[in-house]
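Please read the structure below before turning to the comments.
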Amino acid sequence: QVELVESGGGSVQSGGSLTLSCAGSGYTFSQYCMGWLRQAPGKEREGIASIAVNGNTKYIDSVQGRFSISRDSAKNTLALQMNNLKPEDTGIYYCSVAQTVPRCEPQFLPTSHLVGDWGQGTQVTVSS
């Protein structure tokens with residue numbers, strides 16, 4: 001059974017925008033710390049945005065002010081609005097349901113993934 005499915009990626013020029021979406025099954029998103037991660041070529045996954053059960057959001061400095069994470073509890077979906085994209089944003093983006101975490105913050109996402117297998121992710125390519 002597919003539990004997390006990411007979509008919405010694509011190829012854009014610098015300064016462009018994309019909206020990513022994550023649909024889930026088997027988990028009620030509103031009951032968990034949720035987040036988005038990305039994996040640049042040749043690098044490990046890094047958490048970039050998180051949203052807590054109470055709705056509080058956190059971002060890493062490099063995307064602060066450009067990205068916005070949100071959750072639609074009724075649809076059980078997670079979104080990431082990305083504006084003013086830069087070439088360094090290029091990578092595969094993944095949605096995550098977090099297990100036990102000290103705090104619902106991006107840096108804890110890579111080691112707190114509740115779903116055993118990562119989804120296929122969605123590719124974001126930003127050209128200069």
Side-chain angles (χ1 to χ4, degrees):
Q1 182 180 13
V2 177
E3 296 176 320
L4 296 173
V5 179
E6 299 92 347
S7 62
S11 298
V12 299
Q13 295 181 333
S14 295
S17 298
L18 286 171
T19 300
L20 307 184
S21 181
C22 174
S25 62
Y27 304 95
T28 301
F29 285 5
S30 63
Q31 298 298 308
Y32 297 88
C33 169
M34 301 286 298
W36 286 94
L37 307 87
R38 70 185 176 192
Q39 185 170 25
K43 298 183 178 180
E44 297 182 351
R45 292 182 183 88
E46 65 167 341
I48 59 172
S50 63
I51 182 168
V53 174
N54 64 7
N56 287 346
T57 59
K58 297 288 184 180
Y59 306 89
I60 59 173
D61 290 344
S62 62
V63 308
Q64 180 71 50
R66 298 188 298 120
F67 291 10
S68 179
I69 185 173
S70 62
R71 180 176 58 218
D72 188 327
S73 297
K75 298 180 179 179
N76 207 47
T77 57
L78 187 74
L80 183 69
Q81 176 66 49
M82 305 185 294
N83 299 319
N84 192 25
L85 285 161
K86 304 175 180 180
E88 51 263 43
D89 294 319
T90 294
I92 304 175
Y93 284 68
Y94 300 88
C95 172
S96 179
V97 178
Q99 289 183 285
T100 301
V101 291
R103 297 178 296 279
C104 189
E105 297 178 356
Q107 67 267 32
F108 299 111
L109 296 176
T111 57
S112 302
H113 189 60
L114 178 60
V115 180
D117 298 326
W118 293 94
Q120 65 178 7
T122 185
Q123 177 72 44
V124 172
T125 303
V126 185
S127 59
S128 59

- Side chain to side chain, Trp36 and Cys95, heavy atoms closer than 4.5 Å: yes
- Message: Please check: side-chain N/O of Tyr59 versus main-chain N/O of Ile69, any donor-acceptor pairing under 3.5 Å?
- Response: yes
- Item | Rounded distance (nearest 0.5 Å) linking atom SG of Cys33 with atom CG of Asn56 | 10.5 Å
- Task: Check for a donor-acceptor pair, side chain of Ser112 on one end and backbone N or O of Gln99 on the other, with a separation under 3.5 Å.
- Result: no
- Message: Ignoring hydrogens, what is the shortest heavy-atom contact between Asp89 and Val124? Give both atom names and the distance.
- Response: O-CG1, 4.3 Å
- Message: Does any part of the side chain of Glu6, heavy atoms only, come nearer than 4.5 Å to the side chain of Leu20, both counted from C-beta?
- Response: no
- Can you list the other members of the hydrophobic cluster that holds Phe108, where links are side-chain heavy atoms under 4.5 angstrom apart? Val101
Would you list the atom pairs, donor with acceptor, under 3.5 Å between side chains in residues 39-51 and any protein atom, with sequence neighbours excluded?
residue, atom, partner, partner atom, Å
Gln39, NE2, Lys43, O, 3.0
Glu46, OE2, Arg38, NE, 3.3
Ser50, OG, Cys104, O, 3.1

- Query: Can you list the steps and then say if Arg66 with Lys86 is a side-chain contact (heavy atoms from CB on, under 4.5 Å)?
  - Reply: CA-CA 10 Å; Arg66 298 188 298 120; Lys86 304 175 180 180; 4.0 Å; yes
- Message: Check for me, please, whether Val63 and Leu37 land in the same ILVMFWY cluster - side-chain distances under 4.5 Å, paths through other members count.
- Response: no
- Side chain to side chain, Tyr94 and Leu4, heavy atoms closer than 4.5 Å: no
- Pairwise distance OG(Ser70) to CE(Met34) - rounded to 0.5 angstrom: 11.0 Å
- Query: Just wondering, are more than 12 heavy atoms of other shown residues or ligands nearer than 6.0 Å to CG in Asp61?
  - Reply: no
- Gln120 CD: over 12 foreign heavy atoms closer than 6.0 Å: no
- Have Thr19 and Gln81 got a donor and an acceptor in their side chains that come within less than 3.5 Å? yes
- Task: Provide the closest heavy-atom pair for Gly35 versus Leu78 in the form atom of the first, atom of the second, distance.
- Result: O-CD2, 3.8 Å
- Trp118 and His113 aromatic ring geometry - parallel, tilted or perpendicular at 30°/60° bounds: parallel
- Query: For Phe29, does its backbone N or O pair with a side-chain atom of Asn76 as donor and acceptor, under 3.5 Å?
  - Reply: yes
- Using the rule that two of Ile, Leu, Val, Met, Phe, Trp, Tyr join whenever any of their side-chain heavy atoms come within less than 4.5 Å, decide whether Met82 and Val12 are in one cluster. yes
- Note on the structure: Nearest heavy-atom approach of Asn83 to Ser17 is OD1-OG, 3.0 Å
- Item | Interatomic distance, Ile60 atom CD1 to Phe67 atom CZ [nearest 0.5 angstrom] | 8.0 Å
